[in-house]
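Positions are given from 1 along the sequence. All ligand and atom numbering here is 1-based and tracks the order in the structure.
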Amino acid sequence: MPLQVKNHQLIVMKKHNFSAGPCILPQEVMQKAAEAVVELNDIGLSLIEISHRSKEFVEIMETARSLALELLGLEGKGYHALFLQGGASMQFLMAAYNLLETKAGYINTGTWSLKAIKEARLLGEIHEVASSQDQNFNYIPKGYEVPSGLDYLHLTSNNTIFGTQIKEFPKTEVPLVCDMSSDIFSRTMDFSQFDLIYAGAQKNMGPAGTTLVVVKEDILGKVSRQIPSMLDYSVHAGKDSMFNTPPVFPVYVSMLTLQWLKDLGGISAIEEINEKKANLIYSEIELNPVFSGFAAKADRSTMNATFNITDETLKETFDTMCLEAGINGINGHRSVGGYRASMYNAMSLESVGVLVDIMSELEKKG
Ligand SMILES: *Cc1c(COP(=O)(O)O)cnc(C)c1O
């Protein structure tokens with residue numbers, strides 16, 4: 001539904017947005033972001049028409065970078081936070097460019113892992129340490145051994161398409177690299193177990209157009225190849241993420257979202273809400289015979305719930321009920337089919353409740 005701008009005051013009419021990405025953002029973040037496009041902080045200029053070297057924007061970038069480290073508990077621990085471009089897909093290549101000397105390990109848990117593997121193969125030997133491809137990625141492999149001598153082990157913490165999530169990360173001496181695009185800032189963990197974390201903004205942080213990269217200083221400068229400047233983490237870190245013109249709008253919105261999360265009480269506060277949302281929908285999927293879950297129970301994602309309808313004759317009724325209730329974006333990815341309800345940080349428990357009520361109403365109709 002349209003946004004109406006009235007004297008910088010926004011009236012926003014919202015649907016229940018279960019889209020997998022780009023996706024829901026906090027209402028107040030979108031209001032502030034829209035205001036800044038008109039005028040930033042009463043400076044008489046728009047956010048998107050000022051120099052990225054202006055003191056206003058430099059402060060925005062610095063705030064965004066330090067909030068990211070603060071929320072992850074990585075402040076003062078030798079990490080750089082960078083806001084880069086090219087999406088998480090660029091990180092598939094960049095991670096390998098910067099860290100892969102001879103051989104790296106990858107845990108293959110789905111489409112995004114496969115894409116990461118494909119790019120890394122351009123630069124060295126890739127060992128697929130474990131995979132769940134044998135069952136169309138409906139589970140997370142466990143109990144595998146991480147070979148020593150790898151330059152790094154790459155994992156995908158949350159598999160957006162299949163609805164699986166790594167709950168426990170391997171304990172190993174090998175440096176860990178993690179694609180956290182679809183669950184960063186959603187759950188507490190010891191983020192210092194990773195040497196490199198990256199996440200496209202558009203799943204839990206902001207609009208498409210920037211990627212958060214959190215990289216440990218120690219791990220850089222070890223490969224012998226020449227790295228093109230734009231692909232070199234050290235270059236971006238050395239310029240405080242301002243080597244070239246940064247994507248000012250996505251960085252600003254990310255900063256607002258991180259501020260929103262901090263004000264809410266940080267990751268531990270949002271984790272509690274995320275668990276409530278996930279429990280609500282998964283208990284409905286389990287109890288309601290009209291639906292069946294796709295992902296293995298122990299590996300179910302708190303961010304993306306994937307499920308099928310068991311009685312296809314009810315599909316049309318379900319789709320109509322969802323449409324009428326203002327539910328948006330629950331069609332499953334084409335490689336899985338069925339439905340996918342994405343419940344990122346900004347989604348309310350109430351919205352999940354609306355969907356669950358429809359699911360249980362459908363059972364009565366069946
Ligand atoms: C969406 C997504 C990507 C791809 O992100 P882009 O920004 O489109 O390149 C990569 N990994 C995961 C886990 C994702 O969810």
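In this view, Glu272 satisfies the side chain to side chain donor-acceptor pair (under 3.5 Å) rule with no residue, not counting sequence neighbours. Partners of Tyr339 by ring pair (Phe, Tyr, Trp, His ring centres under 6.0 Å), not counting sequence neighbours, listed by chain and number: Phe307, Phe318.
Pairs of residues two or more places apart, or lying in two chains, never qualify as side-chain hydrogen bond (donor to acceptor under 3.5 Å, both in side chains) while including a residue from residues 352-366.
In summary, the side chains of Ser292 and Asn308 do not present any donor paired with an acceptor at a separation below 3.5 Å, with no hydrogens or angles considered.
For Lys262, the NZ atom is loosely surrounded, since the number of other residues' heavy atoms within 6.0 Å does not exceed 12.
Protein residues are said to neighbour a ligand when one of their heavy atoms lies under 4.0 Å from it; for ligand 1 these are Gly87, Ala88, Ser89, Phe92, Trp112, Thr156, Asn158, Thr160, Asp179, Ser181, Ser182, Gln202, Lys203.
Under the 6.0 Å cut-off for aromatic ring centres, His52 and Phe57 do not qualify, their centroids lying 6.0 Å or more apart.
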